There are 2 protein chains.
Amino acid sequence: MSASDLIRIMLVDDHAVVRAGVRRLLEQDERFLVVAEAESGERAYQQFGEHLPDITIIDLSMPGMGGIEAIGRIIARYPTAKLLVLSMHENTAFASQALKAGAKGYLTKNGLAEELVNALEHLAKGETYINANFSKKIAQQFLNNENNALQQLSTREFEIFRLLAEGSDNNLIATKLNISSKTVANYQTSIKQKLGINNSVEMVRLAIRNGLIES
Amino acid sequence: MSASDLIRIMLVDDHAVVRAGVRRLLEQDERFLVVAEAESGERAYQQFGEHLPDITIIDLSMPGMGGIEAIGRIIARYPTAKLLVLSMHENTAFASQALKAGAKGYLTKNGLAEELVNALEHLAKGETYINANFSKKIAQQFLNNENNALQQLSTREFEIFRLLAEGSDNNLIATKLNISSKTVANYQTSIKQKLGINNSVEMVRLAIRNGLIES
DNA sequence: ATTTACACTAGGAAAAACTCCCGATAATTA
DNA sequence: TAATTATCGGGAGTTTTTCCTAGTGTAAAT
């Protein structure tokens, strides 16, 4: 194998344990080389520019800038970036949002090493990769009404919806996302309108029903 | 170091990635030896009997028999087993449950390698170990005991709490109960205060957790 | 029998949150 | 190029929430 076949990888996950785990799995295959790690969305974006990895393996739920926003930013700046989501969420809403944001693949952490390697090979070739039974799930849930409503939300709306459902107030969300709390308030209104709900109570219940948060 | 100083460890987590990560971290310290892995609660119980590890590092959320039940079973059969929970849940409810079931330590996956080693040392000595800012949280929530809190509510408060959690707004509740919506608003404030919550989101979740309403 | 305690009620004033409307800027699409 | 869409936020008004105060009734304690 020549050096040019090496696939340079960046790992993004707020859990050091998970980064170490993926690193370990990748070390067993000489085609892969981990060139960078990041523990937050902000760092990921920064590191990406410095290392320009071939593939970035990224988690979705991270404090601060979440994975979906990080994906959005990286793709905005580097449209050909190959981002593979490695999430613990079996939930299709997350997957759809991530793919919408520009990710090229979606795996859950339940998957085994072989699947990870498989996905990486696909991405390296420029293809997308989604867990088999997962893409089925997505197809099914597309028929589901409620979920459709959720998919109607833009990336930003979805993100704010999630944070609201988690219990963050407007000011906290504004700080997290670095936007005005006025903007968050306005988003909240449009989210409720799109979802056809009147109060935050229904919002939480909808979020729970869709597995975005736990009760 | 003599062989008897070796701390024999079993890893239990349904995510291969996480197991690999912990293993990698432990390999860097010669005092630790991973003697077994399990990917489910059932297997953990089985493997425990075969290997009798000094310490078991166990995740809580696993399909099938969850981590908490596994802890309970292992402790029931081997009361002196040293179980260290390594969870992604910052939620104190999980921690309390795990400790109640017999775990000797609780860490979140956000923790770094040093903390894991530290925790293992404590457990090896027969002590318990809980993440510092986490034990503070637990102490707080003990005072704040959800069930206690709910019973602290007066009849009227509880009634209004339920209606709010169902999604009724102040005016509707006022009509239903034949009181001023101003009164309902005031009740709402005192309810939140008594329950130690800041927004309606947490109110709904609390109501759901306590079976007052369904999601 | 009177004090004490607490639940229930609600108004006023101020603060906070929300809604609705508008305009600006990019980026994407037709 | 024109139209559309996502993001962002100000202005102004409305609604909700908070905090304070205060009256009533009931039940237990002194």
Side-chain angles (χ1 to χ4, degrees), chain A residues 41 45 65-66 68-81 96-103 148-204, chain B residues 148-204:
Chain A
Y45 179 74
M65 189 202 294
I68 291 179
E69 193 183 346
I71 291 170
R73 293 215 196 162
I74 292 175
I75 289 288
R77 182 106 164 69
Y78 312 94
T80 61
S96 315
Q97 287 294 328
L99 296 170
K100 201 163 132 190
N148 263 345
L150 273 189
Q151 296 313 322
Q152 248 184 353
L153 299 183
S154 74
T155 306
R156 203 51 151 182
E157 285 167 342
F158 182 77
E159 188 166 22
I160 290 174
F161 170 65
R162 229 197 63 242
L163 291 169
L164 284 169
E166 271 180 15
S168 310
D169 63 25
N170 288 354
N171 288 317
L172 181 56
I173 295 177
T175 306
K176 278 183 182 168
L177 302 182
N178 250 301
I179 57 182
S180 153
S181 64
K182 197 66 221 306
T183 303
V184 179
N186 286 332
Y187 267 114
Q188 192 177 163
T189 301
S190 67
I191 290 168
K192 284 180 186 166
Q193 211 218 322
K194 277 195 184 177
L195 298 180
I197 58 186
N198 298 312
N199 52 53
S200 45
V201 169
E202 291 182 50
M203 203 173 61
V204 183
Chain B
N148 273 345
L150 267 191
Q151 275 152 17
Q152 242 185 354
L153 297 182
S154 73
T155 310
R156 202 55 151 180
E157 283 168 344
F158 187 78
E159 188 168 21
I160 291 174
F161 170 66
R162 234 198 58 244
L163 291 167
L164 285 168
E166 270 180 15
S168 309
D169 63 25
N170 289 353
N171 288 319
L172 182 55
I173 295 177
T175 308
K176 278 181 182 169
L177 302 182
N178 252 301
I179 55 180
S180 153
S181 67
K182 199 63 223 306
T183 302
V184 179
N186 287 331
Y187 266 115
Q188 192 177 165
T189 302
S190 66
I191 290 168
K192 284 181 185 164
Q193 212 217 322
K194 278 196 183 176
L195 298 180
I197 60 187
N198 299 311
N199 51 53
S200 44
V201 170
E202 292 181 48
M203 203 172 63
V204 181

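Every heavy atom of this structure was used, including side-chain atoms; hydrogens, water molecules and symmetry mates were not. In what follows, chains carry the letters A, B, and so on, assigned in the order in which the sequence lines appear, proteins first and then strands, with residues in each chain numbered from 1. Keep in mind that this is a model prediction, so the values were computed, not measured.
Considering only side-chain N and O atoms, A:T183 lies under 4.0 angstrom from the phosphate OP1 or OP2 of D:dG9. In this model, the phosphate group of C:dG11 is approached by a side-chain N or O of B:S180 to a distance below 4.0 Å at OP1 or OP2. Applying the 4.0 Å criterion to OP1 and OP2 of D:dT5, one finds that A:S154 has every side-chain N and O outside that range.
Between the C1' atom of D:dT5 and the CD atom of A:E157 lies a distance of 11 Å, rounded to the nearest Å. We find that CD of B:Q188 is positioned 10 Å from C1' of D:dT18, with the value rounded to whole Å. Rounded to a whole Å, the CD atom of B:Q193 is 16 Å from the P atom of D:dT17. For the pair A:I191 CD1 and D:dT7 C1', the interatomic distance rounds to 13 Å; values are reported in whole Å. Spacing between atom NZ of A:K192 and atom C1' of D:dT15 amounts to 11 Å, rounded to whole angstrom units. Between A:E69 atom CD and D:dT7 atom C1' the separation is 11 Å, expressed in whole Å. Between A:D169 atom CG and C:dA17 atom P the separation is 6 Å, expressed in whole Å. To the nearest angstrom, P of C:dA17 lies 17 Å from CG of A:N199.
Between A:E69 and A:L177 the shortest heavy-atom distance is OE1-CD2, 3.5 Å. The shortest heavy-atom contact between A:E157 and A:S190 is OE2-OG, 3.5 Å. Looking at every heavy atom in both residues, A:Q188 comes nearest to A:N170 through NE2-OD1, 3.1 Å. Between A:I173 and A:S168, the closest heavy-atom pair is CG1-CB, 3.6 Å.
The nucleotide whose nearest atom lies closest to any side-chain atom of A:Y187 is, among D:dC20, D:dC8, C:dT19, D:dC8. Checking D:dG11, D:dT7, D:dT18 against every side-chain atom of A:T155, the shortest atom distance belongs to D:dT7.
A donor-acceptor pair under 3.5 Å links the side-chain atoms of A:T175 to the main chain of A:N171, judged by distance alone. A donor-acceptor contact shorter than 3.5 Å links the side chain of A:N199 to the backbone of A:E202.
Overall bending of the helix from C:dT3-D:dA28 to C:dA30-D:dT1, expressed as the angle between end axes built from five pairs apiece, is 30° (10° steps).
Across all strands shown, A:N171 has heavy atoms under 4.0 Å from sugar-phosphate atoms exclusively, and none from any base. As judged by a 4.0 angstrom heavy-atom cut-off over every strand, A:N186 is placed among the base-contacting residues.
In terms of position along DNA chain C, the nucleotide closest to B:R156 lies nearer the 5' end than the nucleotide closest to the other residue of the pair B:K182 and B:R156.
Ion pairing of B:R162 with B:E159 is absent here, as no side-chain N (NZ or NE/NH1/NH2) approaches a carboxylate O to less than 4.0 Å.
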